[in-house]
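Numbers for residues simply follow the sequence, beginning at 1.
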Amino acid sequence: MPKLGMEPIRKAALVKATITEIGRAGSLDVTVSQIAKRAGMSSALAHHYFGSKEDMFLAAMRHILTLYGAEVRGALALAEGPQGRVKAVLAASFSPANFRREAVGAWLNFWVLAQTVPQARRLLAIYQQRLRSNLLSGLRPLAGSKAEALAECLAALIDGLYLREGLKSGAPDGAAAVATAMEYVNCQIRGKQQ
């Protein structure tokens, strides 16, 4: 009989191993056996907890999104004023934690998976809605009626800058990405005021 309380520990180990293996491979072309081995358990136990590699990957993305959400909430708690709120969301989006090789690999594969897997598409839609909502909380006082359109464009810019920084040779420059996105916001707000 298994020890009580081992399931959450083993699931967490499998989630971490999934993220590591996908980051190492740079794709979803990893086996449950590789993931289980990295987590220090058998493939059968991994299947017992998650059922499939796809389920493990979705759990891994939920974990990454949970960490990202906590980072955003922490940054927003310290933000001052509407512009500070927008900058806080940007800073969290381009933080060093989001540019770890494993996180970049997971995000890239998550976007691909969302094209064909309804659960991944739903998870991506939740991320996009939360990002938009967090951006709007700062943009509404700054951009008025242009806030909705600006939030959509800024969310797309965040994803694009993330891809550029995550895939370029050399270290990603999150601060430069934040500065680029804030310059876009400021240009749009100045345009509204003219």
Inset, instruction - May I ask you to decide if Ala17's main-chain N or O and Arg38's side chain share a donor-acceptor pair within less than 3.5 Å? - result: no
Inset, instruction - Give a yes or no on whether a salt bridge exists between Glu21 and Arg24, defined as a side-chain N under 4.0 angstrom from a carboxylate O. - result: yes
Inset, instruction - Please name the pair of heavy atoms, one in Pro141 and one in Ser137, separated by the smallest distance, quoted to 0.1 Å. - result: CD-O, 3.7 Å
Legend entry - Minimum side-chain heavy-atom gap Phe50-Lys11 below 4.5 Å: yes
Inset, instruction - Among Met61, Lys53, Glu54, find the residue that satisfies the side chain to side chain contact (heavy atoms under 4.5 Å, CB included) test when tested with Phe57. - result: Met61
Legend entry - Note, Glu152 side chain near Leu135 side chain (heavy atom, < 4.5 Å): no
Inset, instruction - Give me the ring orientation class for Trp111 and Trp107: parallel if the planes are under 30° apart, tilted from 30 to 60°, perpendicular past 60°. - result: tilted
Inset, instruction - Any chance you could lay out the side-chain contact (heavy atoms from CB on, under 4.5 Å) test for Leu150 and Leu142, step after step, and finish with the verdict? - result: CA-CA 10 Å; Leu150 183 53; Leu142 297 172; over 6 Å; no
Inset, instruction - Locate the shortest heavy-atom distance separating Ala92 from Asn98; write the atom from each residue and the value. - result: O-ND2, 2.7 Å
Inset, instruction - For Ser95 and Ala91, indicate whether the former's side chain and the latter's backbone hold a donor-acceptor pair under 3.5 Å. - result: no
Legend entry - Nearest-0.5 Å distance that lies between atom CD1 in Ile189 and atom CD in Gln83: 6.0 Å
Inset, instruction - Could you check if a side-chain atom of Val104 sits within less than 4.5 angstrom of a side-chain atom of Arg100, using non-hydrogen atoms only? - result: no
Legend entry - Gap separating the CZ atom of Arg101 from the OG1 atom of Thr20, nearest 0.5 angstrom: 11.0 Å
Legend entry - Side-chain donor-acceptor contact under 3.5 Å, Gln128 with Asp159: no
Inset, instruction - Please confirm whether the backbone N or O of Gly51 pairs with a side-chain atom of Asp55, one donor and one acceptor, at under 3.5 Å? - result: no
Inset, instruction - Carefully, step by step, assess Lys16 and Glu102 under the rule salt bridge (Lys or Arg N to Asp or Glu O under 4.0 Å). - result: CA-CA 10 Å; Lys16 182 178 178 188; Glu102 296 84 10; over 6 Å; no
Inset, instruction - Drop me the distance from Leu124's CG to Gln129's CD, to the nearest 0.5 angstrom. - result: 10.0 Å
Inset, instruction - Spell out, as yes or no, whether a donor-acceptor pair under 3.5 Å connects the side chain of Tyr184 to the backbone of Cys153. - result: no
Inset, instruction - Please tell me if the side chains of Asn109 and Ser27 come closer than 4.5 Å, counting only heavy atoms from C-beta onward. - result: yes
Inset, instruction - To the nearest 0.5 Å, tell me how far Cys187 SG sits from Met182 CE. - result: 11.0 Å
Legend entry - Which atom of Ser43 lies closest to which atom of Ser33, heavy atoms considered: OG-CA, 3.2 Å
Inset, instruction - Using atom types as modelled and distance alone, determine if a side-chain donor or acceptor of Arg10 lies under 3.5 Å from a backbone N or O of Glu7. - result: no
Legend entry - ILVMFWY cluster, Leu157 and Leu167 together (side-chain gap under 4.5 Å): yes
Inset, instruction - Heavy atoms only: give me the nearest Ile19-Ala60 pair and the separation to one decimal. - result: CG1-CB, 3.6 Å
Legend entry - Heavy-atom side-chain proximity of Val89 to Leu154 below 4.5 angstrom: no
Legend entry - Nearest heavy atoms of Ala36 and Leu14, plus distance in Å: CA-CD2, 4.1 Å
Legend entry - Heavy-atom closest pair, residues Tyr162 and Ser93: CD1-O, 4.1 Å
Inset, instruction - May I ask whether Leu136 and Ile158 are part of the same hydrophobic cluster, defined by side-chain heavy atoms of I, L, V, M, F, W, Y residues being less than 4.5 angstrom apart, directly or through others? - result: no
Inset, instruction - Can you measure from CG (Leu28) to CE (Met56) and round to the nearest 0.5 angstrom? - result: 12.0 Å
Inset, instruction - Measure the shortest side-chain to side-chain distance between Leu163 and Leu108 over non-hydrogen atoms and say whether it is less than 4.5 angstrom. - result: yes
Legend entry - Heavy atoms from other residues, nucleotides or ligands near CZ of Arg121 exceed 12 (cutoff 6.0 Å): yes
Inset, instruction - Using modelled atom types only, decide if a donor and an acceptor are shared between the side chain of Arg130 and the backbone of Ile126 within a distance under 3.5 Å. - result: no
Legend entry - Spacing of Ile64 atom CD1 and Phe110 atom CZ [to the nearest 0.5 Å]: 9.5 Å
Inset, instruction - Could you tell me whether Glu80 and Lys87 make a salt bridge, using a distance below 4.0 angstrom between a side-chain N and a carboxylate O? - result: no
